[in-house]
Protein chains: 2
Amino acid sequence: MSTADRKARDKENLKALILQGAKKLFLEKGIEQTTIRNIADEIDYSVGTVYVYFKDKNAILHDIHTIGFQELGGSFTELFTIEDPMDRLRKMGIFYMKFAIENSEMYDLMFNVKAPMEFIEHSEKEEWNEGVGTFNALKNTVAQCMEKGHFKGHSLEPLSFMIWGVVHGMCCLEIRQRTKGVKFSKPETILMDGYHEFLKIIEKL
Amino acid sequence: MSTADRKARDKENLKALILQGAKKLFLEKGIEQTTIRNIADEIDYSVGTVYVYFKDKNAILHDIHTIGFQELGGSFTELFTIEDPMDRLRKMGIFYMKFAIENSEMYDLMFNVKAPMEFIEHSEKEEWNEGVGTFNALKNTVAQCMEKGHFKGHSLEPLSFMIWGVVHGMCCLEIRQRTKGVKFSKPETILMDGYHEFLKIIEKL
DNA sequence: TTATTTTTTTGAACAACGTTCATTAGTTTG
DNA sequence: CAAACTAATGAACGTTGTTCAAAAAAATAA
């Protein structure tokens, strides 16, 4: 029985090794410039081996997108020590945007690249657990704000989605080079400046 | 002199024909599933001819992204008959989101796909005129709102960028399948519901 | 018209991609 | 030690974007 155990462990290890190699190359030279052959080379295995452990490229991209959500979740943990939900909400946006900018390739994979969602579609997974979890962290915080009397006259889910939209939209425009295109007067700070405009607005609600 | 003129005209016509074929295929089967060979087949020319008229695939994608901005601009024209800037701003968002959802492949190309910006980078074009123009339409309207006494204590450019972010972010999440993933209670209307939350908020400013 | 030059179009060929699968190498079991 | 099984391999396939010598067509000159 122990040999079978070790084999299962080896399989998991090699799977993890492939993901680690893939992630390294993604961060180094971008997702689109990374090929299966690159990944195989990086960890000194053949292309064929990669396909033994992963159905296709989408499967690799999906698993790395999941690692991204673990990392984002990790950077969120300290937020849950903040008692005041409004304060937590404000900082949550900062953390989210910071993550997006400092890990733009990973953020792109998590929220823009089509592969992870295509993988979920064509597998027995029924839900985007990674996204649901992160969105719930936001929704719960907004709900607590409402319990404390903020956001009167607003609906929880649409409001939470709109807040997600603000931060995501601005990060997205930055990552996909659209902010660079319009030449703001203060391009270095436009993201945070934009977010602070949003904070000023919800402050009063 | 007239033969030279006709030749120049013919060149322009064939260039337009290629773009027309490319656009048709993009809308039919998506940008990623459309190949240069597909485009050449569609208009009964050879692959080589496409490369006589366009440097590479990025050049085609860029030119179609420009057509997209013309279409978006067209749908904006009737907005400028609206006198009240706040009213115009509200409707501008509706038009923008409507365009994004009804022309999602085109919207994606305009604001998410990397190719058009890469083309601008590697060409003598110094600015993203298409994006600048559209952003200015928003910025000017926000400026008029401020002149009328709205948005006190806010800065024009960051505020305009934030508003762009809200609508873009929500459309983006929808187009890249992330709203589908989180299973909202009312998925059919979440985009407009989210936008109306935003309208409720800026109403008071 | 006919010959020559110029322009336009062509598609075979190339390198690189994701993916497959018969074959080989290695390990475990009887 | 041999048989049975498992894991790893890399050549090969079909497609992709792209190139470029050659062919076809058109314009010009005689």
Side-chain angles (χ1 to χ4, degrees), chain A residues 1-22 25-26 28-64 109 113-116 118-119 122-123, chain B residues 1-19 21-22 25-26 28-64 109 113-116 118-119 121-123:
Chain A
M1 192 45 97
S2 74
T3 63
D5 282 359
R6 202 210 59 228
K7 285 215 167 186
R9 217 168 41 235
D10 283 354
K11 279 193 83 168
E12 282 309 306
N13 284 153
L14 184 42
K15 194 164 183 175
L17 183 69
I18 293 167
L19 287 177
Q20 177 200 300
L25 292 175
F26 286 170
E28 254 174 47
K29 43 187 254 173
I31 290 165
E32 288 182 332
Q33 329 312 325
T34 303
T35 71
I36 306 284
R37 282 172 183 82
N38 287 340
I39 298 170
D41 278 1
E42 172 73 23
I43 56 169
D44 295 313
Y45 277 90
S46 70
V47 255
T49 303
V50 174
Y51 280 91
V52 171
Y53 291 85
F54 292 93
K55 195 183 132 285
D56 55 22
K57 206 183 180 182
N58 278 358
I60 300 177
L61 290 167
H62 172 269
D63 280 14
I64 290 187
L109 177 60
V113 173
K114 286 170 181 168
E118 276 168 10
F119 175 83
H122 305 118
S123 81
Chain B
M1 192 46 95
S2 75
T3 63
D5 283 359
R6 203 209 58 232
K7 284 216 168 188
R9 213 167 45 235
D10 283 354
K11 278 193 86 167
E12 281 310 305
N13 285 154
L14 185 42
K15 194 164 184 175
L17 183 68
I18 293 169
L19 287 178
L25 293 175
F26 287 170
E28 253 174 49
K29 44 187 253 171
I31 290 165
E32 289 183 330
Q33 328 313 325
T34 303
T35 71
I36 305 283
R37 281 173 183 80
N38 288 339
I39 297 170
D41 278 2
E42 173 72 24
I43 58 168
D44 295 314
Y45 276 88
S46 70
V47 256
T49 304
V50 175
Y51 280 90
V52 171
Y53 292 85
F54 292 93
K55 193 183 132 285
D56 54 24
K57 205 182 181 184
N58 278 358
I60 299 177
L61 289 167
H62 172 270
D63 280 14
I64 291 186
L109 177 60
V113 174
K114 287 171 180 168
E118 276 168 10
F119 176 82
E121 252 178 49
H122 305 119
S123 80

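Quick note on labels: first sequence line is chain A, next is B, and so on, each numbered from 1.
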With heavy-atom distances below 4.5 Å as the criterion, would you say the side chains of A:T49 and A:L14 are in contact?
yes
Interatomic distance, B:I60 CD1 vs D:dG17 P [rounded to whole Å]:
9 Å
State whether A:Y51 places a side-chain N or O below 4.0 Å from either non-bridging phosphate oxygen (OP1 or OP2) of C:dT20.
no
Would you compute the distance between atom OG1 of B:T35 and atom NZ of B:K57 and round it to the nearest 0.5 angstrom?
7.0 Å
Using only side-chain N and O atoms of A:Y53, determine if any of them is under 4.0 Å from OP1 or OP2 of D:dA8.
yes
Would you kindly compare A:D56 and B:G48 by the position of their nearest DNA chain C nucleotide and give the one closer to the 5′ end?
B:G48
Of B:L17, B:V52, B:I39, the one forming a side chain to side chain contact (heavy atoms under 4.5 Å, CB included) with B:Y45 is B:L17
Heavy atoms within less than 4.0 Å of DNA chain D: which residues of residues 29-41 of chain A have one? Give them sorted by number.
A:R37
Between C1' on C:dT20 and NZ on A:K55, what's the gap in Å once rounded to a whole number?
13 Å
To the nearest Å, give me how far apart CD (B:E12) and P (C:dT8) are.
12 Å
Minimum heavy-atom distance between B:Y53 and B:K15, given as atom pair plus value
O-CE, 3.7 Å
From CD1 of B:I18 over to P of C:dT8, roughly how many Å is that when rounded to an integer?
13 Å
CD of A:E118 versus C1' of C:dG18: gap in Å, rounded?
14 Å
Presence of A:T49 side-chain N/O under 4.0 Å of D:dA8 phosphate oxygens OP1/OP2:
no
Considering non-hydrogen atoms only, spot the tightest contact between B:A40 and B:V50 and give its length.
CB-CG2, 4.1 Å
Ranking B:V47 and A:K57 by the position along DNA chain C of their nearest nucleotide, the one closer to 5' is B:V47
Hey, does A:L14 reach any base, or is it just sugar-phosphate, or nothing, if we go heavy atoms under 4.0 Å?
sugar-phosphate
By side chain to side chain contact (heavy atoms under 4.5 Å, CB included), B:N58 pairs with (sequence neighbours left out) B:D56, B:L61, B:A115, B:E118, B:F119
Counting the atoms with a prime plus P, OP1 and OP2 as sugar-phosphate, which does B:F54 contact under 4.0 Å by heavy atoms, base, sugar-phosphate, or nothing?
nothing
Could you tell me which residues satisfy side chain to side chain contact (heavy atoms under 4.5 Å, CB included) with B:Y51, sequence neighbours excluded, listed by chain and number?
B:I36
